[in-house]
Protein chains: 2
Amino acid sequence: MEKFCPLEYTLNFIKSKWVILIIRELSFGTCRFNELEKRIAGISQKVLTSNLRFLEENKLVERTVYPVVPPKVEYSLTDLGKSLKPILDQMSDWGVKNYGK
Amino acid sequence: MEKFCPLEYTLNFIKSKWVILIIRELSFGTCRFNELEKRIAGISQKVLTSNLRFLEENKLVERTVYPVVPPKVEYSLTDLGKSLKPILDQMSDWGVKNYGK
DNA sequence: CCGGATCCAGGAGGATACTG
DNA sequence: CAGTATCCTCCTGGATCCGG
């Protein structure tokens with residue numbers, strides 16, 4: 001049996017390039033699927049979908065479906081998701097400061 | 001051409017489960033290859049080697065070879081490597097606080 | 001003691017086409 | 001608009017064996 005490692009636990013949520021980009025976009029506010037796809041350059045529909053599912057399962061992101069035609073689905077960060085933001089900000093700061101060293 | 005993303009840049013260094021464990025071990029002080037292998041449960045020689053090479057290439061870890069028989073090689077964190085520690089600590093804190101939510 | 005060389009499995013993610 | 005369904009490629013990392 002593996003010992004629980006909080007560091008590894010957290011890493012599992014943010015180790016994906018796409019996940020952190022999604023969290024950053026959603027930190028600006030609620031956003032529709034299509035809007036996310038446009039804002040995150042290079043992401044495919046499949047990858048966006050699977051990453052959003054993953055984030056939803058882990059309660060970092062909330063999904064709201066409006067039963068209209070055409071479909072409308074909105075995504076937003078939960079409080080738990082928002083609580084990751086300081087970590088991402090710190091990582092971003094480190095990148096700015098140490099790029100190219 | 002891709003735009004530079006500091007967040008993604010930093011993530012590249014710490015997204016590996018093994019890398020963060022190695023950095024954490026080395027944050028306690030200089031360590032030999034064999035010692036690292038024993039302390040990091042479950043890591044294989046190949047993976048430990050390749051991760052250390054990666055960290056060395058990116059100047060996060062320093063490698064010192066003593067030309068003796070049997071071979072002796074010591075690894076330690078550079079200042080750049082040490083500067084990642086606060087980020088790892090913050091991630092660890094988040095894991096402790098939010099595990100199981 | 002410290003690796004390098006080789007082979008292999010699993011998962012992330014890209015490309016493309018299709019649908020309620 | 002918001003996905004599903006397929007197929008395919010690359011990379012991480014596990015297992016094992018060999019060498020200075």
Side-chain angles (χ1 to χ4, degrees), chain A residues 1-2 5 7-26 29-58 60-76, chain B residues 1-3 5 7-26 30-58 60-76:
Chain A
M1 181 56 184
E2 282 279 331
C5 173
L7 181 49
E8 219 177 305
Y9 176 76
T10 305
L11 182 63
N12 275 332
F13 294 128
I14 59 174
K15 69 181 168 191
S16 155
K17 162 190 169 186
W18 297 118
V19 161
I20 59 174
L21 294 178
I22 292 170
I23 292 178
R24 185 168 59 183
E25 277 312 316
L26 290 181
T30 297
C31 192
R32 298 182 62 169
F33 184 90
N34 207 22
E35 195 59 32
L36 279 175
E37 195 183 353
K38 275 186 284 185
R39 288 198 203 160
I40 302 176
I43 198 168
S44 70
Q45 282 193 328
K46 192 192 95 174
V47 172
L48 179 54
T49 300
S50 69
N51 276 282
L52 284 169
R53 291 286 169 280
F54 169 77
L55 289 168
E56 202 191 342
E57 281 167 20
N58 290 287
L60 297 172
V61 158
E62 197 171 13
R63 181 170 176 259
T64 311
V65 183
Y66 298 89
V68 296
V69 180
K72 176 176 173 181
V73 180
E74 281 185 346
Y75 293 92
S76 58
Chain B
M1 179 59 185
E2 283 280 332
K3 211 181 66 180
C5 173
L7 181 49
E8 218 177 305
Y9 177 75
T10 305
L11 181 63
N12 274 333
F13 294 128
I14 58 173
K15 69 181 168 190
S16 155
K17 161 190 169 185
W18 298 118
V19 161
I20 59 174
L21 294 178
I22 292 169
I23 291 178
R24 184 169 60 184
E25 278 312 316
L26 291 181
T30 298
C31 193
R32 297 182 63 170
F33 183 89
N34 207 21
E35 195 60 31
L36 280 175
E37 195 183 353
K38 276 186 284 186
R39 288 198 204 160
I40 303 176
I43 198 168
S44 71
Q45 282 193 330
K46 192 193 97 173
V47 172
L48 179 54
T49 301
S50 69
N51 275 283
L52 284 169
R53 289 290 167 280
F54 169 77
L55 289 168
E56 203 191 342
E57 281 167 20
N58 290 286
L60 296 172
V61 158
E62 197 170 14
R63 181 169 177 260
T64 312
V65 183
Y66 299 88
V68 294
V69 181
K72 175 176 173 181
V73 181
E74 281 186 346
Y75 292 92
S76 58

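Everything numeric here is computed off the predicted structure, so don't read it as measured data.
- Relative to the side chain of W18(A), the nucleotides dG14(C), dG4(C), dG3(D) differ in distance, and dG14(C) lies closest.
- Side-chain contact of Y75(B) with E62(B): a donor-acceptor pair under 3.5 Å is absent, judged by distance alone.
- A heavy-atom distance below 4.5 Å is not found between the side chains of T30(A) and T64(A).
- Picking from dG13(D), dC1(C), dA17(C) the nucleotide with the shortest atom distance to the side chain of R32(B) gives dC1(C).
- When each of V47(A), I22(A), L21(A), N51(A) is paired with S16(A), the side-chain contact (heavy atoms from CB on, under 4.5 Å) condition holds for N51(A) and for no other.
- Contact annotation: the side chain of V61(B) never approaches that of I23(B) to less than 4.5 Å [non-hydrogen atoms, C-beta and beyond].
- Each of P71(A) and K15(A) was matched to the nucleotide of DNA chain C holding its nearest heavy atom; the match closer to the 5' end belongs to K15(A).
- Contact annotation: side chain of K46(A) to base of dG14(C), donor-acceptor pair present below 3.5 Å.
- For E37(A) and dC1(D), the CD to C1' distance is 10 Å, given to the nearest whole Å.
- Between L36(B) atom CG and dC2(C) atom P the separation is 9 Å, expressed in whole Å.
- Atom-to-atom, CZ of R63(B) to C1' of dG3(C) comes out at 8 Å; the value is rounded to the nearest Å.
- Residue contacts shown for S50(A) are absent, as no nucleic acid heavy atom lies under 4.0 Å away.
- The 5' end of DNA chain D is approached more closely, in terms of each residue's nearest nucleotide, by K38(A) than by the other of V47(B) and K38(A).
- One interatomic measurement links the two molecules: CG of L48(A) to P of dA12(C), which rounds to 15 Å at whole-angstrom precision.
- Spacing between atom OH of Y66(B) and atom P of dG20(D) amounts to 25 Å, rounded to whole angstrom units.
- Remark: C1' of dG11(C) and CZ of F54(A) are 13 Å apart, rounded to the nearest angstrom.
- Contact between the side-chain N/O atoms of Y75(A) and the OP1/OP2 oxygens of dG3(D) is found at a separation under 4.0 Å.
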### Query
Would L52(B) and F33(B) count as a side chain to side chain contact (heavy atoms under 4.5 Å, CB included) if you check the C-alpha gap in whole Å, the side-chain angles of each, and the deciding distance to 0.1 Å?
CA-CA 9 Å; L52(B) 284 169; F33(B) 183 89; 3.9 Å; yes
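- Nucleotide dC10(D) holds its C1' atom 13 Å from the NZ atom of K17(A), rounded to whole Å.
- Between dT4(D) and R53(A), a contact under 4.0 Å exists linking OP1 or OP2 to a side-chain N or O.
- Each of T49(B) and G42(A) lies near DNA chain C, and the nucleotide nearest T49(B) is the one positioned closer to the 5' end.
- Between S16(B) and the phosphate of dG13(D), there is a side-chain N or O to OP1/OP2 separation shorter than 4.0 Å.
- The separation between N34(B) atom CG and dG3(C) atom C1' is 11 Å, rounded to whole Å.
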